[in-house]
Number of protein chains: 2
Amino acid sequence: MGRGPRWCHARFRNFGYKMTQPREIILDVLSRTKKHLSAEDIYIEVYKIYPGIGLTTIYRTLDILTNMEMVSRYDFGDGRSRYELISDKKSEHHHHLICLNCGKIIDYNDYIDEETKLFDKLEKVLSEKHNFKINYHHVGFYGLCDKCKSTTSS
Amino acid sequence: MGRGPRWCHARFRNFGYKMTQPREIILDVLSRTKKHLSAEDIYIEVYKIYPGIGLTTIYRTLDILTNMEMVSRYDFGDGRSRYELISDKKSEHHHHLICLNCGKIIDYNDYIDEETKLFDKLEKVLSEKHNFKINYHHVGFYGLCDKCKSTTSS
DNA sequence: CTCCTAAATGATAATGGTTTTCATTTTCAA
DNA sequence: TTGAAAATGAAAACCATTATCATTTAGGAG
């Protein structure tokens, strides 16, 4: 997705939105990380550059970006949503390992071709069978990471 | 999982929990539905049979059942968790289609064998590669259901 | 069966992420 | 440059979930 500010500006326009400084900075923060940031994480980063920012604007911008399909929203079950810029590169498609103890998230794309093949087939079959328009899918493996496996008593 | 009250009672004991009437009723409600109930949904159902019930008990029991791996908790992104009794029958293993507009959830198990095969392999590879103990995985397809597809303007 | 203690319960209050409200500021096309 | 629509941010509201705590209950010991 990272085609620079020019491209983003046009895209915002196309969706009937205006490009503003807060939005630019939020996009910038998202593009500079590989982590899965929460709204507050993003707020803290944006605040360093633009202290006038309000948490509300973060939420509103993330909603817009999600609707524009520039950002994925994930619910990993820790009570807050996490956001990730969608890459335009197919090679960066990935899914997640989520640690139930510490919340650590690992991206993986092993066997992604096999997965893609199966999921393409599934999407086709399911969308026809249930007359369902599928926009995207989420896959997550939940468990205990390296550290928590040895630390946790459970 | 539905091996009757006798079996559940023993299982509770084994985990150091006591079997109580609220817990029995909650299990009963869960076993009588194929839907993906929220805590409040469950509260409403239990209330019909046992009006003394408190919402706190629903949450606590669901936590216990989740830890005992008798129940799956899902976050489909609508701001509330949903719960589903885990079946002991392999044939009832399934994943979900979630409507982003109305929240309708459809279970599917097409190509579940192929999926299982791929996921078993993935779990093996990923758990070794990242030294990660995988407990379970979630797969969800998000989009618009039959009705919402024709209704929604977006 | 009766007691006793730890566990469970439920009413209430608190928490915390997210959304709404609304007066003010900003964008951008004319 | 200007004006109308869109965006912003501070504050309050919302609402699912969790913590607190006094009371009740389950179920093993005797």
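Convention: sequence-line order gives letters A, B, ...; per-chain numbering from 1.
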*asked:* So, using ring pair (Phe, Tyr, Trp, His ring centres under 6.0 Å) as the criterion, who are the partners of A:Tyr142 when residues are at least two apart?
replied: B:Tyr136, B:His138

*Are a donor atom and an acceptor atom from the side chains of B:Asp41 and B:Ser38 found within less than 3.5 Å of each other?*
yes

_Qualifying residue, where the test is salt bridge (Lys or Arg N to Asp or Glu O under 4.0 Å) with B:Asp110 and the options are A:Lys129, A:Lys124, A:Lys121_ = A:Lys129

*asked:* The test is side-chain contact (heavy atoms from CB on, under 4.5 Å); show your working for A:His95 and B:Leu122 and say whether it passes.
replied: CA-CA 11 Å; A:His95 296 313; B:Leu122 262 175; over 6 Å; no

*Would one find more than 12 heavy atoms of other residues, nucleotides or ligands at under 6.0 Å from atom CD of A:Glu114?*
yes

*With axes from five pairs an end, tell me the bend angle of the helix from C:dC1-D:dG30 to C:dA30-D:dT1, nearest 10°.*
30°

*Would you say A:Tyr59 reaches C:dT18's phosphate, i.e. side-chain N/O to OP1/OP2 under 4.0 Å?*
yes

*Same hydrophobic cluster for B:Leu30 and B:Ile105, using side-chain heavy-atom links shorter than 4.5 Å among ILVMFWY?*
no

*Any donor and acceptor pair, going by atom type alone, linking the side chain of A:Arg13 with main-chain N or O of A:Met19 inside 3.5 Å?*
no

*Any Lys/Arg nitrogen of B:Asp107 or B:Lys34 sitting under 4.0 Å from an Asp/Glu carboxylate oxygen of the other?*
no

*Same cluster for B:Val71 and B:Val29 if Ile/Leu/Val/Met/Phe/Trp/Tyr side chains link at under 4.5 Å?*
yes

*Which whole-number value in Å describes the distance from B:Asp63 CG to C:dT9 C1'?*
15 Å

*Among residues two or more places apart or on two chains, list those pairs meeting ring pair (Phe, Tyr, Trp, His ring centres under 6.0 Å) that have a residue in residues 12-38 of chain B.*
B:His36-B:His96

*Between A:His93 and A:Glu115, do the side chains contain an N or O donor and an N or O acceptor separated by less than 3.5 Å?*
no

*From CD1 (A:Ile49) to CD (A:Glu24), nearest 0.5 Å*: 11.5 Å

*So which of residues 37-56 of chain B are in contact with DNA chain C, with a heavy-atom cut-off of under 4.0 Å?*
B:Tyr50, B:Gly52, B:Ile53, B:Gly54, B:Thr56

*Taking protein heavy atoms under 4.0 Å as touching, what does nucleotides 22-30 of chain C look like 5' to 3' if B marks base contact, S marks sugar-phosphate-only contact and - marks none?*
-----BSS-

*Grab the CD1-P distance between B:Ile26 and C:dA8 for me, whole Å please.*
13 Å

*Check the pair B:Tyr108 / B:Phe141 against side-chain contact (heavy atoms from CB on, under 4.5 Å), numbers first and verdict last.*
CA-CA 10 Å; B:Tyr108 77 86; B:Phe141 289 91; 3.1 Å; yes

*asked:* Reading DNA chain D from 5' to 3', where do the contacts with chain B start and stop? Cut-off is 4.0 Å to heavy atoms.
replied: D:dA16 to D:dG28

_Rounded distance (Å) that lies between atom P of C:dG10 and atom CG of B:Leu62_ = 13 Å

